[in-house]
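Here is how names work: the chains are called A, B, and so on, in the same order as the sequence lines, proteins then strands, and each is numbered from 1.
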Amino acid sequence: MNSEVIIISGPTAAGKSQKALSLAKEIDAEIISCDSIQVYRNMDIGSAKPSQAELLEVPHHLINVCDANIQFNVGDYILYAKKALKEIQKKGKRTIVVGGSGFYLKAWFSAVTDEIEIPSNIKTEVEKLAQKENVMLAKLLELDPNAAKIIDIQNPRRIRPALERIMASGLSLSELKNKFSSLPCPMGDFQKTFIMQDLQDPELFERAKHRIDKMLAQGLIAETRKLLELGIERNASASSAIGYRETISAIKSGNFENLSEEIYKNTVALIKKQRKFFKNALFKTS
RNA sequence: GGCUGGGUAGCUCAGUUGGUAGAGCAGAGGACUGAAAAUCCUUGUGUCGGCGGUUCAAACCCGCCCUUAGCCA
């Protein structure tokens with residue numbers, strides 16, 4: 001059993017997939033994707049998914065595992081990835097993890113979720129509170145007056161899970177944080193080799209630009225139309241993926257004039273955000 | 001040549017009845033326990049096209065000029 005895992009990451013368009021593919025062939029490895037959009041079926045062009053041929057050349061895991069209208073999250077990722085890792089190891093093959101989704105990637109190094117189960121009655125109760133503005137926050141501060149010291153209470157995305165966890169566990173956020181910080185890496189213990197695949201700015205931005213124009217030429221708009229029919233808008237994360245969200249709004253407004261530029265602008269922002277995450281958060285254990 | 005809109009932060013533009021200017025985007029930095037290609041926070045002195053004039057006070061009023069888009073000749 002080979003317990004080494006090679007992890008390749010870096011910003012979008014830096015050539016991670018190609019690198020992983022050639023390395024996998026070289027050392028007879030299988031690939032576990034670490035991409036929050038490539039998990040969805042039918043999101044092929046816009047997520048720069050490996051081609052059908054490439055997917056057959058080397059076994060890829062965590063690609064096409066979820067319908068685009070259903071939301072996937074890190075918790076799901078961990079479950080699937082652990083299973084894939086076990087399968088690969090059982091075959092006696094080596095594992096390459098590739099992708100630029102920082103939060104998912106972090107799961108290969110440290111805990112990113114706790115084990116608190118949120119009972120459905122608490123979920124529905126919080127759901128009710130969420131209807132009215134600021135009620136969730138008020139409730140959170142009532143149950144834990146020090147909440148603002150632990151989470152960003154100005155970020156609505158943080159309030160809800162925090163409240164659910166407090167209600168489900170009866171603990172304060174600082175107690176929860178303490179417990180959380182001692183949790184082990186969910187993927188298990190194994191030797192890791194981390195490879196950062198990045199390029200110099202002018203070159204990477206150029207590549208990103210070309211890739212976007214290629215995506216449009218390959219039919220990104222048609223792909224997005226199909227995804228709309230499949231109900232992608234019911235999935236907030238899939239429908240706000242770069243490339244798709246701009247295309248969706250272009251389809252709705254009927255104005256495709258600045259589509260390429262819009263996608264490019266947001267792609268550049270993504271590249272910068274990814275680099276920041278790698279620099280500041282990936283290896284940080286809170 | 002005449003008429004009519006524009007000319008305000010790197011870009012797109014707001015600026016109510018005159019009191020020396022803001023938003024979004026971009027840029028920079030930061031956060032991050034289940035949407036993470038998401039979300040949130042911090043960060044804006046710029047000859048308000050130019051020159052004159054009116055006024056205690058003008059991006060806002062008046063004149064001339066420059067420039068740009070469209071229309072009419």
Side-chain angles (χ1 to χ4, degrees), chain A residues 9-13 16 33-40 43 46-49 66 68-80 99-107 110-118 123 126 137 147-166 168-169 171 173-183 185-186 201 205 208 211-212 215 232-248 258 261-286:
Chain A
S9 192
T12 191
K16 299 182 293 294
S33 165
C34 187
D35 188 301
S36 63
I37 303 303
Q38 292 182 0
V39 295
Y40 296 113
M43 296 182 75
S47 73
K49 211 177 268 178
C66 184
N69 62 332
I70 293 164
Q71 197 155 298
F72 196 83
N73 65 37
V74 230
D76 302 324
Y77 180 76
I78 291 168
L79 253 44
Y80 280 77
S101 292
F103 193 38
Y104 288 16
L105 191 67
K106 191 167 177 170
S110 58
V112 293
T113 64
D114 58 32
E115 272 128 24
I116 293 165
E117 295 271 334
I118 314 294
K123 275 191 181 165
V126 172
L137 178 58
K149 286 181 190 153
I150 308 293
I151 64 156
D152 177 5
I153 60 166
Q154 291 184 96
N155 188 343
R157 291 277 166 84
R158 304 265 182 270
I159 294 171
R160 187 179 189 141
L163 180 58
E164 286 176 344
R165 260 147 253 278
I166 288 176
S169 67
L171 299 172
L173 284 181
S174 74
E175 288 168 324
L176 285 167
K177 191 177 178 179
N178 268 339
K179 290 184 80 172
F180 177 69
S181 65
S182 62
L183 290 174
C185 169
D201 276 354
F205 293 153
R211 198 166 80 162
I212 291 160
M215 285 174 181
I232 191 180
E233 286 182 296
R234 272 175 270 142
N235 180 348
S237 50
S239 57
S240 56
I242 291 165
Y244 294 101
R245 64 176 194 234
E246 300 84 356
T247 307
I248 289 170
N258 302 312
E261 285 79 4
E262 281 295 306
I263 296 173
Y264 176 70
K265 185 184 81 184
N266 293 325
T267 302
V268 167
L270 171 62
I271 288 168
K272 291 175 182 173
K273 196 185 113 177
Q274 286 174 307
R275 284 177 175 156
K276 278 184 189 181
F277 194 89
F278 299 144
K279 177 165 70 99
N280 300 330
L282 183 55
F283 302 114
K284 194 177 107 186
T285 44
S286 55

**Request:** Considering non-hydrogen atoms only, spot the tightest contact between Val74(A) and Phe103(A) and give its length.
**Result:** CG2-CE2, 3.1 Å
**Asked** rC40(B), rA31(B), rG34(B): which one has an atom nearest the side-chain heavy atoms of Pro156(A)?
**Response** rC40(B)
**Asked** Between atom CZ in Phe72(A) and atom C1' in rA36(B), what is the gap in whole Å?
**Response** 13 Å
**Request:** Assign the ring pair Phe72(A) / Tyr104(A) to parallel, tilted or perpendicular, where the plane angle (0 to 90°) is split at 30° and 60°.
**Result:** tilted
Pairs under 3.5 Å (N/O, protein and nucleotides 10-12 of chain B):
none

**Request:** Assign Tyr244(A) to base, sugar-phosphate, or nothing according to its heavy-atom contacts below 4.0 angstrom with the strands shown.
**Result:** nothing
**Prompt:** From the list rU33(B), rA37(B), rC40(B), which nucleotide is the closest neighbour of the side chain of Asp152(A)?
**Reply:** rC40(B)
**Prompt:** If you look at every strand shown and take non-hydrogen atoms under 4.0 Å, does Asp35(A) touch a base, only sugar-phosphate, or nothing?
**Reply:** base
**Item:** Side chain of Ala236(A) (C-beta onward), nearest among rG34(B), rA37(B), rA35(B)
**Value:** rA35(B)
**Request:** Find which nucleotide of RNA chain B each of Ser240(A) and Asp114(A) is nearest to by heavy atoms, and output the residue with the more 5' nucleotide.
**Result:** Asp114(A)
**Asked** Of all residues at least two apart in sequence or in a different chain, which pass the salt bridge (charged side-chain N to carboxylate O under 4.0 Å, His left out) check with Glu233(A)?
**Response** Lys252(A)
**Request:** Check whether any side-chain nitrogen or oxygen of Asn155(A) sits under 4.0 Å from OP1 or OP2 of rC41(B), and answer yes or no.
**Result:** no
**Message:** Quick test of your reading of the model: are Asp201(A) and Arg275(A) salt-bridged, counting only N-O distances below 4.0 Å?
**Reply:** yes
**Item:** Donor-acceptor contact present, side-chain Gln38(A) to main-chain Ser33(A), <3.5 Å
**Value:** no
**Request:** Tell me which nucleotide among rC40(B), rG30(B), rA36(B) gets nearest to the side chain of Ser36(A).
**Result:** rA36(B)
**Item:** Phosphate-side-chain proximity, Ser237(A) and rA38(B), N/O vs OP1/OP2 below 4.0 Å
**Value:** no
**Item:** Check against salt bridge (Lys or Arg N to Asp or Glu O under 4.0 Å), Asp114(A) and Arg165(A)
**Value:** CA-CA 9 Å; Asp114(A) 58 32; Arg165(A) 260 147 253 278; 2.8 Å; yes
**Message:** Given rA37(B), rG34(B), rC32(B), identify the nucleotide with an atom nearest to the side chain of Lys284(A).
**Reply:** rC32(B)
**Request:** With the side chain of Arg165(A) defined as its heavy atoms from C-beta on, choose the nearest nucleotide among rA26(B), rA35(B), rU33(B).
**Result:** rU33(B)
**Fill in**
Rounded to whole Å, the CG-C1' distance (Leu173(A) to rU33(B)) equals 10 Å
**Prompt:** Would you say Asn235(A) and Tyr40(A) make side-chain contact, with heavy atoms under 4.5 Å?
**Reply:** yes
**Prompt:** What nucleic acid atoms does Leu176(A) come within less than 4.0 Å of, heavy atoms only: base, sugar-phosphate, or nothing?
**Reply:** base
**Message:** Does rA35(B) have its OP1 or OP2 closer than 4.0 Å to a side-chain nitrogen or oxygen of Gln71(A)?
**Reply:** yes
**Asked** Counting side-chain heavy atoms from C-beta on, which of rU33(B), rA37(B), rA36(B) comes nearest to Ser47(A)?
**Response** rA37(B)
**Asked** Between Lys273(A) and rA38(B), does any side-chain N or O lie under 4.0 Å from OP1 or OP2?
**Response** yes
**Item:** Donor-acceptor pair between Thr267(A) and Arg211(A) side chains, under 3.5 angstrom
**Value:** no
**Item:** Among rA38(B), rC40(B), rA28(B), the nucleotide that comes nearest once only the side chain of Arg158(A) is considered
**Value:** rA38(B)
**Prompt:** So what is the 5' to 3' dot-bracket string for RNA chain B, if pairs are Watson-Crick or G-U wobble with both distances under 3.5 Å, crossing pairs use [ ] and | means the partner sits on another strand?
**Reply:** (((((((..((((........)))).(((((.......))))).....(((((.......)))))))))))).
**Ile150(A) vs Ala241(A), nearer the 5' end of RNA chain B by closest nucleotide** = Ile150(A)
**Prompt:** So which heavy atom on Ile37(A) is nearest to which on Met43(A), and how close?
**Reply:** CG2-CE, 3.8 Å
**Request:** Quick one: label Arg245(A) by what it contacts on the DNA or RNA (base, sugar-phosphate, nothing), any heavy atom closer than 4.0 Å.
**Result:** sugar-phosphate
**Prompt:** For rG30(B), does OP1 or OP2 lie under 4.0 Å from any side-chain N or O of Lys279(A)?
**Reply:** yes
**Request:** Indicate the atoms forming the closest heavy-atom contact of Ile271(A) with Pro11(A), along with that distance.
**Result:** CG2-CB, 3.8 Å
**Asked** Would you say Tyr77(A) reaches rG34(B)'s phosphate, i.e. side-chain N/O to OP1/OP2 under 4.0 Å?
**Response** no
**Per-pair stack call Phe180(A) and rU33(B), 5.5 Å, 30°** = yes
**Request:** Provide, to the nearest angstrom, the distance between the CG atom belonging to Asp76(A) and the C1' atom belonging to rA36(B).
**Result:** 13 Å
**Message:** Any non-hydrogen side-chain atom of Phe278(A) less than 4.5 Å from a side-chain atom of Ser9(A)?
**Reply:** yes
**Request:** Select base, sugar-phosphate, or nothing to describe what Thr267(A) touches, counting heavy atoms under 4.0 Å on all strands.
**Result:** nothing
**Request:** Name the closest nucleotide to the Val268(A) side chain, picking from rG27(B), rA37(B), rC40(B).
**Result:** rG27(B)
**Message:** How close do Ile242(A) and Ile263(A) get, counting heavy atoms only, and between which atoms?
**Reply:** CG2-O, 4.1 Å
**Request:** Answer with base, sugar-phosphate or nothing: what part of the nucleic acid does Gly100(A) contact at a heavy-atom distance below 4.0 Å?
**Result:** sugar-phosphate
**Asked** With respect to the side chain of Asn73(A), which nucleotide from rU33(B), rG30(B), rG34(B) is positioned closest?
**Response** rG34(B)
